[in-house]
Each structure stands twice: as C-alpha cells, then as structure tokens.
**Student:** 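Just dropping this structure here.
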Amino acid sequence: MILTLLRIDWLNLRRDYVALGLTFVLPIIFFSIFALIFGGMGGSSSGSSAASATKIIFVDLDQSDVSARLAMALDSQPALRVLSSPKPTEAEPEPSPYTREEALRLIRLGRCPAAVIIPSGFAQTFGNFMGGGLAVEVIHDPSNPIVLHTVSGLLQAAAMSAAPDILMEMGMEQFDAAGGSLTAKQRELIQTIKPMLRGLGGHSPDASKDAAAPSSPGISGLITVKATDAGAREDDPDSKPRSIVAYYAAGIGVMFLLFSMANGAGGSLLEEEERGTLERLLTSRVSMRLLLLGHWLFFALIGVAQLSLMFVWAAVVFDLDLWSAQHLLGFAAMTVATAGAASAFGLVLATLCKSRAQLGGTSTIVILIMSALGGSMVPRFVMPEFMNTTALFTFNGWALDGYLKIFWYEDPDASLGGALANLLPQVGMLVAMAAGFLGVARLLAKRWEAA
C-alpha cells in the first residue's frame, strides 16, 4: 500500500513540471550561479584568478625606476589587472598614459573600481621603514567596499617584492644612522648583494600569498596610502557622501517589483479567467488589446508607487541623497520605465501560464534567476567579468545599471539634460522591453479569444 501511495505522489509530481523545476532544477541553477561568483575567490587556479581579477588604473607621476618596478610588481599579482593607458586603436595606436583626472572620471563612471596614483618624488622617499615617505593615493569607488582594502594590501606586498635591493640599502642606511657606522667591508658586501636582490624584484610567484601573510607594523606601513573617495566632490567638502544604501534600494526594489507585478498583473488576469469574468468582458465591447493595456497601465502605476515608497523610505530613514533636482529627474525617468517594463513582464507570465499555481512557481524560478544574475542579490562588483556581461540579458541588470548611474556614477557637473542623456541606454532598453513584453502578451492572449 505504501508503494502505491509513493507511486501516486511521484506521478503527481512528475506531471507538474513547475514543481519539478523548483525541487530539482532551481537549486542546481542557484548553486552554479553562486559557485561562479564566489568560487574563484579562494581558489588557486590561474584561470579562475584571471577571470575575477580586479582592474585598476596606474598613474605614474614619478616616472622613476622604482615606480616602474612597483607597477610591474602590482601587475604580477593574480588578483589585479593593471592598466596604465587606454587600449590602442587605429586612430591612436600609442595612446597617452592615464592622468589622475582621467582615472577619477573613469571610476566615477563605473568603468574601473580603483586607481593607484604614484606622486612625483616617490622614489626619493621609498624604503623608509620609519614612515614619512610620500603617500600613494588610491582613488576608489565607494560602491565597492572591498576594493580599497584589496588594493592597499597588495600595494604593500608589491612594495616588498618590487625593489628589495633598495629596501636593503635604505635599511642599512637607517641602521647606520641609528646604530653606528658600517665598515668598508660591510658596505662592499651590500653592493655585491644588491644586484642579486634586484633580480628577484617584481617576479615573486607568491606575491599574492605575501599580501595575506601577517607582517610587522614597520613593514605594513612601508607605503603610506592616501584613500580618496571617487564619489566625493573635491570642490565641495560639505557634499553628502554616497551610501551603499542606494545600491540595495535599487537591487531589492527591482526584485520585489517583479514579484509584485507577477502576482498582481499576472494573477489578476488568471483570476478573471477562473471566475469567468474574462469571458464576459470579451463578449462585451472590451477588446483583448484594451483589456491588456488597462491592466498594464494600472499595475505600472502601482509599480511607480512601490518604487517611490522604497526610495523615499531610504532617503528619510537611511539618508539616501534623493532630493537634488538631478537625482529626482533621473529617478522619475528610470522608475516610470522600470515599472512599465515590469508590469508588461507580469502580463507575459499571466498569458503564458494556465493557472495561478503555475504562475507562482514559474515566476519564482524566472525572477530569482534574473535577480541572481542581474545583481539584485549579489553586488555586481564581486562577479567575474563575464557575469557582468550576462547581467545585460536580464531585466534586473538594466534597471540596476540605470539607478546606479543616478545615485553612484552621475556627473555632478552635468546639466539636467546631460543627466537624462546619460540614462538613455537604460531607459531605452526598458521601454523596448515593455513594448516587446506587451507584444508577446498580446500574441499569447489569443488563446482566450479562441476559447
């Protein structure tokens, strides 16, 4: 009897493809996504390290042998990709090196998370174990809370491996000044060892391990790091700093907007079908096209209200910078486009599914996968580069990029028109999605007219 009951339950489960997907397929998909995101962080394979390497801009204002060797040592770190100039093009086969202003602009636009600026005169003070050397500036994107610590730590490791001959000479000079004069024989021995040490500089295969190893206070402070927030207004020290709240307001808001639209716009149509209301409406003067447009417009307005409430709450409670004219205008444009596309997406799910139960299962699978790939669950800055490209194939990816342009990567000196023009790719794609989803929903809804 038990075997019979088990067989009946298995047959019921096998017939429900959505339940099968939620039980067996969705966990594997989610595991694979998060394994791709985090799997390379602690791995030792060169392939995974290269895929997740952080791009940084290196600006050498010193133009010395020491700064050049430091750049080579940084570039040898598996966790970093050092860029000193733009990629060559046919118009500019030998592009000029990056300047500090260019690096700051690229970080503000989200093209790169950090830049290392070597000051002029750096070589003259390098190797002072007692501190007091010229500070190396690290400009960082505040939306990425780990990049400053990563670059600073690897910068100290690179300093130790870049010029050991100079470090030894400076150390001996400091010892000579503090503890007594060296003999002529000792100085001759130092000059003999220096070329051997220099041959090791910048080529240590274990440099990344050195960064994680504990070090003494003197060594950890070999290079003084000056951190600069790329989002801060250098000409306005009283400007409000950017907050990671903006990222999560956008990510969480977009994800739950999709769930609301699936259950609202989608669920209302299926509920009308189950109650027989849909059939009576179609026998009247209401056409299917008008019915879909009415549902789409209503739930798009609900979506606008939902996102507005989320961001107003973030502004009032968590001090999100929402009330400037540039932010409000960009937020209005993005919110209308996002809500419209999400409402149309809910109609597609409704016309695709046969029942509310099927809608619930299907929408859960699709929305969770899009949210994981698009950055609503895991910040995009920890994703491998190829997954940042994958995110562009999701609704969440485009919506999140638009909101980040408003609150993170905006140009504070741009006009209102310029700020809106910067959002054209995201707003345009979301409008195209809305039109496409409405077209697909109209085609799928013909099954109700045929009935």
**Student:** With heavy-atom distances below 4.5 Å as the criterion, would you say the side chains of V151 and V116 are in contact?
**Tutor:**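 Side-chain contact under 4.5 Å: yes.
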**Student:** Between H140 and A115, is there a donor-acceptor pair closer than 3.5 Å when you use the side chain of the first and the backbone of the second?
**Tutor:**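 Flag not set: sc H140 to bb A115 has no pair under 3.5 Å.
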**Student:** Give the intermediate values and the outcome of side chain to side chain contact (heavy atoms under 4.5 Å, CB included) for residues F345 and M433.
**Tutor:** CA-CA 8 Å; F345 176 74; M433 285 184 181; over 6 Å; no
**Student:** Between S67 (side chain only) and S64 (backbone N and O only), is there a donor and an acceptor less than 3.5 Å apart?
**Tutor:**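 Confirmed, S67 side chain pairs with S64 backbone.
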**Student:** Please check this pair: side chain of Q77 against backbone of L74, looking for a donor-acceptor N/O pair closer than 3.5 Å.
**Tutor:**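 Not a single qualifying donor-acceptor pair exists.
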**Student:** Once rounded to the nearest 0.5 Å, what's the spacing between atom SG of C112 and atom CZ of R105?
**Tutor:**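 One gets 12.0 Å once the value is rounded to the nearest 0.5 Å.
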**Student:** Are Y98 and F58 close enough that their ring centres sit under 6.0 Å apart?
**Tutor:**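 Between F58 and Y98, which both carry aromatic rings, the centre distance is not below 6.0 Å.
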**Student:** How many angstroms lie between atom CE of M261 and atom CD1 of I302, to the nearest 0.5 angstrom?
**Tutor:**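 One finds 7.0 Å between CE of M261 and CD1 of I302.
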**Student:** Could you tell me if the ring centre of F407 sits under 6.0 Å from that of F311?
**Tutor:**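 Yes: the rings meet the under 6.0 Å criterion.
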**Student:** Mind listing the closest non-hydrogen atom pair of I107 and P113 along with its distance?
**Tutor:**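 For I107 and P113, the tightest heavy-atom pair comes out as CG2-O, 4.1 Å.
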**Student:** For side chain to side chain contact (heavy atoms under 4.5 Å, CB included), just list the numbers for V312 and M310, CA-CA rounded to whole Å, side-chain angles, deciding distance to a tenth of an Å, and then say yes or no.
**Tutor:** CA-CA 6 Å; V312 169; M310 169 75 77; over 6 Å; no
**Student:** Do the non-hydrogen side-chain atoms of L70 and I118 ever get within less than 4.5 Å of each other?
**Tutor:**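 Yes, side chains in contact.
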**Student:** Of the non-hydrogen atoms in A434 and A344, which two are nearest, and what is the gap between them?
**Tutor:**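 Looking at all heavy atoms of both residues, the shortest contact is O-CB, 3.6 Å.
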**Student:** Check for a donor-acceptor pair, side chain of T125 on one end and backbone N or O of L134 on the other, with a separation under 3.5 Å.
**Tutor:**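 Yes, T125 side chain to L134 backbone: donor-acceptor pair under 3.5 Å.
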**Student:** For R111, which residues count as a salt bridge (Lys or Arg N to Asp or Glu O under 4.0 Å) partner, sequence neighbours excluded?
**Tutor:**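 For R111 there are no salt bridge (Lys or Arg N to Asp or Glu O under 4.0 Å) partners, ignoring immediate neighbours.
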**Student:** Which value, rounded to the nearest 0.5 Å, describes the distance between F331 atom CZ and L320 atom CG?
**Tutor:**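 F331 atom CZ to L320 atom CG measures 9.0 Å (nearest 0.5 Å).
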**Student:** Taking W296 for its side chain and G340 for its backbone only, find out whether a donor-acceptor pair lies under 3.5 Å.
**Tutor:**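 Yes.
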**Student:** So, do I57 and L106 sit near enough that their side-chain heavy atoms are less than 4.5 Å apart?
**Tutor:**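 Yes, close enough: below the 4.5 Å cut-off.
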**Student:** Any side-chain heavy-atom pair from L83 and I56 closer than 4.5 angstrom?
**Tutor:**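 Counting from C-beta outward, L83 and I56 never come under 4.5 Å.
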**Student:** Can you check whether G251's main-chain N or O pairs, donor with acceptor, with S376's side chain at less than 3.5 Å?
**Tutor:**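 Yes: the side chain of S376 pairs with the backbone of G251.
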**Student:** Can you list every pair that meets side chain to side chain donor-acceptor pair (under 3.5 Å) and has a residue in residues 298-311, with sequence neighbours left out?
**Tutor:**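 Non-adjacent pairs meeting side chain to side chain donor-acceptor pair (under 3.5 Å): S260-Q306.
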**Student:** Check whether T362 reaches the backbone of L359 with its side chain - one donor and one acceptor, N or O, closer than 3.5 Å.
**Tutor:**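 No.
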**Student:** Side chains of D401 and L392: closer than 4.5 Å at any heavy-atom pair?
**Tutor:**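 They are in contact (side-chain heavy atoms under 4.5 Å apart), so the answer is yes.
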**Student:** Answer yes or no: is there a donor N or O on one side and an acceptor on the other, between the side chain of W398 and the main chain of L430, under 3.5 Å?
**Tutor:**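 Side chain of W398 to backbone of L430, a donor-acceptor pair under 3.5 Å: no, none is there.
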**Student:** Among I367, N396, T394, which residue meets the side-chain contact (heavy atoms from CB on, under 4.5 Å) test with V254?
**Tutor:**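 One option only clears the test, and that one is N396.
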**Student:** Taking it one step at a time, do E137 and R100 satisfy side chain to side chain contact (heavy atoms under 4.5 Å, CB included)?
**Tutor:** CA-CA 10 Å; E137 184 181 15; R100 183 186 182 278; 2.7 Å; yes
**Student:** With distance as the sole criterion, is a donor-acceptor pair present between the side chains of D62 and S120 under 3.5 Å?
**Tutor:**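 Distance-only check fails for D62 and S120.
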**Student:** Under 4.5 Å between any side-chain heavy atoms of I406 and M334, yes or no?
**Tutor:**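 They are in contact (side-chain heavy atoms under 4.5 Å apart), so the answer is yes.
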**Student:** Does the side chain of L307 come within less than 4.5 Å of Y403's, by heavy atoms?
**Tutor:**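 Result yes, sub-4.5 Å side-chain heavy-atom pair found.
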**Student:** List the atom of A391, the atom of G374, and the distance in Å for their closest heavy-atom pair.
**Tutor:**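 Answer, listing the atom of A391 first, then G374: CB-CA, 4.0 Å.
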**Student:** Going from OG1 on T99 to CD on E102, what distance comes out if it is rounded to the nearest 0.5 angstrom?
**Tutor:**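 So the gap between those two atoms works out to 3.5 Å.
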**Student:** Is D65 salt-bridged to R69, cutoff N-O under 4.0 Å?
**Tutor:**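 Result for this pair is yes, salt bridge flagged.
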**Student:** I would like to know whether T54 and V147 meet side chain to side chain contact (heavy atoms under 4.5 Å, CB included); could you show each step before the answer?
**Tutor:** CA-CA 8 Å; T54 301; V147 70; 4.1 Å; yes
**Student:** Could you tell me which non-hydrogen atom of P86 sits nearest to which non-hydrogen atom of P95, and how far apart they are?
**Tutor:**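 Looks like O-CG, 3.1 Å.
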**Student:** Hey, what do you get for CG (L292) to CG (L297), rounding to the nearest 0.5 Å?
**Tutor:**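 One gets 12.5 Å once the value is rounded to the nearest 0.5 Å.
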**Student:** Please check: side-chain N/O of N263 versus main-chain N/O of F259, any donor-acceptor pairing under 3.5 Å?
**Tutor:**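 Checking the backbone N and O of F259 against the side chain of N263, a donor-acceptor pair under 3.5 Å is found.
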**Student:** For residues G303 and L257, report the shortest heavy-atom separation together with the two atoms involved.
**Tutor:**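 Heavy-atom minimum between the residues: CA-CD1, 3.5 Å.
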**Student:** Looking at CG of L155 and CG of L148, how far apart are the two atoms once the value is rounded to the nearest 0.5 Å?
**Tutor:**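 It is 10.5 Å, given to the nearest 0.5 Å.
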**Student:** Looking at G360 and S363, what are the two nearest heavy atoms and their distance?
**Tutor:**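 Looking at all heavy atoms of both residues, the shortest contact is O-OG, 3.1 Å.
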**Student:** If only side-chain N and O atoms count, and only distance matters, is there a donor-acceptor pair under 3.5 Å linking T338 with T335?
**Tutor:**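 The answer is no; no qualifying pair exists.
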**Student:** Counting only N and O atoms by type, is there a donor-acceptor contact under 3.5 Å from the side chain of Q326 to the main-chain atoms of A419?
**Tutor:**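 No.
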**Student:** Does S85 reach the side chain of S96, with side-chain heavy atoms less than 4.5 Å apart?
**Tutor:**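 No - every pair of side-chain heavy atoms lies 4.5 Å or more apart.
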